[in-house]
A.B. asks: 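Take a look at this one; I'll ask things after.
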2 protein chains.
Amino acid sequence: MDLKKRSECPISSSLDVWGDKWSLLIVRDLMMCKQCTYSDFLKSDEKIATNILASRLQMLEANAIITKEDHPQSKAKVLYKLTQKGIDLLPLMIEINLWADKYFTLPTDRKQLLDHVKEDKEAFIKEKTAELLK
Amino acid sequence: MDLKKRSECPISSSLDVWGDKWSLLIVRDLMMCKQCTYSDFLKSDEKIATNILASRLQMLEANAIITKEDHPQSKAKVLYKLTQKGIDLLPLMIEINLWADKYFTLPTDRKQLLDHVKEDKEAFIKEKTAELLK
DNA sequence: CCGCATCCCTATAGATACTG
DNA sequence: CAGTATCTATAGGGATGCGG
């Protein structure tokens, strides 16, 4: 993965970290499920390849967006979670959803969730952040 | 460039359009300058290659994020501008900046602009949108 | 000059098979 | 289950060409 910083621009620097077709989908999964195993990510609709998943998880961990933990039950499993830095991507993720809502057709369950978000964006962010931190 | 939609997820669909290392930098340039020529984009700090720039401009135009116009003075020049759909990426761009502000060191001019945005985000979006539409 | 298109070459993304 | 290894396709950098 890319490591070099292309410029001092905050947009550019951010894209250097998660500006590819997969990283934010991993973040999305972790926001939906709070914690995921490696195979949970593989099950997502977009069907990420295993090597890409491994490299993105490494990259996101190296950039302190996610952390790895041992699974409490199974020694074989690993749990991935968002860090505070990762959770702080929530407002960004919401804006992506709002933009997509305007220009694409969303699945009904997402549409409903988003309608709830729209009612009080700040409140939703607070609630969700607290839930993800627990 | 990628055209196929990987899933119905709004995040995924959005990333299919602008989820690469360059597209949002083009959008950024157009938000800063309102209109840019081909060579303006080439002058940006990140030094995009000409073939990449051409393919991204095509892609963004095909997805109705930007439009091409004849330059009023020079017949040889072309002006690129954001469409409403492109301008609607502004809240998203702001959130990227806010996230970057929390975890990176911003250049002082950007920092100042962002402090102004923070004072009243909604007002800034309205003002900027109006300016970009003019 | 300006806006690309083309070519060449390298680096990275990605699909699939496989392993501890 | 959580990743590697291997192989191929595509993205991307850099130079150059070329019509308007």
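Owing to the predicted nature of the structure, the values given are computational and were not obtained by experimental measurement. Protein chains get the first letters and strands the later ones, always in sequence-line order, with residue 1 at the start of each.
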A.B. asks: Please confirm whether the shortest side-chain N or O distance from Q58(B) to OP1 or OP2 of dA5(C) is below 4.0 Å.
C.D. replies: yes
A.B. asks: Considering only side-chain heavy atoms of Y80(B), which listed nucleotide, dG3(D), dC4(C), dG3(C), is closest?
C.D. replies: dC4(C)
A.B. asks: K68(A) side chain N/O closer than 4.0 Å to the phosphate oxygens (OP1, OP2) of dG3(D)?
C.D. replies: yes
A.B. asks: In whole Å, what is the span from the CG atom of L53(A) to the C1' atom of dA5(D)?
C.D. replies: 16 Å
A.B. asks: Measure the distance from CE on M59(A) to C1' on dT12(C) and round it to the nearest whole Å.
C.D. replies: 13 Å
A.B. asks: Taking salt bridge (Lys or Arg N to Asp or Glu O under 4.0 Å) as the definition, give me every residue that meets it alongside D109(A), ordered by chain and number, with sequence neighbours left out.
C.D. replies: none
A.B. asks: To the nearest angstrom, how far is K43(B) atom NZ from dG3(C) atom C1'?
C.D. replies: 13 Å
A.B. asks: According to salt bridge (Lys or Arg N to Asp or Glu O under 4.0 Å), who are the partners of K81(B), at least two apart in sequence or on a separate chain?
C.D. replies: none
A.B. asks: Dump the intermediate steps for salt bridge (Lys or Arg N to Asp or Glu O under 4.0 Å) on D45(A) and R6(B), then the final yes or no.
C.D. replies: CA-CA 8 Å; D45(A) 286 342; R6(B) 292 173 296 173; over 6 Å; no
A.B. asks: Please list all pairs meeting side-chain hydrogen bond (donor to acceptor under 3.5 Å, both in side chains) that have one or both residues in residues 120-134 of chain A, counting only residues at least two apart or in different chains.
C.D. replies: E95(A)-K121(A)
A.B. asks: Applying side chain to side chain donor-acceptor pair (under 3.5 Å), can you list everything that pairs with Q84(A), at least two apart in sequence or on another chain?
C.D. replies: D88(A)
A.B. asks: Find the distance E46(A):CD to dA13(C):C1' and express it as a whole number of Å.
C.D. replies: 17 Å
A.B. asks: Output the residues of residues 29-39 of chain A in contact with DNA chain D, where contact means a heavy atom of the residue under 4.0 Å from an atom of the strand; sort by number or write none.
C.D. replies: T37(A), Y38(A), S39(A)
A.B. asks: Report the end-to-end axis angle of the helix from dC1(C)-dG20(D) to dG20(C)-dC1(D); each axis comes from five terminal pairs, and the value is rounded to 10°.
C.D. replies: 30°
A.B. asks: Return yes if some donor-acceptor pair links the side-chain N/O of S14(A) with the main-chain N/O of A100(B) below 3.5 Å, else return no.
C.D. replies: no
A.B. asks: Could you tell me the separation between the CG atom of L42(B) and the P atom of dA15(D), rounded to a whole number of Å?
C.D. replies: 14 Å
A.B. asks: Distance check needed: dT12(C) C1' versus D16(A) CG, whole Å only.
C.D. replies: 15 Å
A.B. asks: Which pairs count as side-chain hydrogen bond (donor to acceptor under 3.5 Å, both in side chains) when at least one residue sits in residues 31-44 of chain B, sequence neighbours excluded?
C.D. replies: D29(B)-S44(B), T37(B)-S39(B), T37(B)-D40(B), D40(B)-K43(B)
A.B. asks: If the condition is side chain to side chain donor-acceptor pair (under 3.5 Å), which residues does E8(B) pass it with, not counting sequence neighbours?
C.D. replies: none
A.B. asks: Sequence neighbours excluded, which residues qualify as side chain to side chain donor-acceptor pair (under 3.5 Å) partners of K77(A)?
C.D. replies: none
A.B. asks: Under the salt bridge (Lys or Arg N to Asp or Glu O under 4.0 Å) rule, collect the residues that match up with K85(A), sequence neighbours excluded.
C.D. replies: none
A.B. asks: When you check every protein heavy atom under 4.0 Å of nucleotides 14-20 of chain C, what one-letter string (B, S, -) results, 5' to 3'?
C.D. replies: BBBB---
A.B. asks: Check the distance between dC4(C)'s P and H71(B)'s NE2 and give it to me in whole angstrom.
C.D. replies: 13 Å
A.B. asks: Run the side chain to side chain donor-acceptor pair (under 3.5 Å) test against K75(B) and tell me which residues pass, sequence neighbours left out.
C.D. replies: none
A.B. asks: In whole angstrom, what separates F41(A)'s CZ from dG3(D)'s P?
C.D. replies: 10 Å
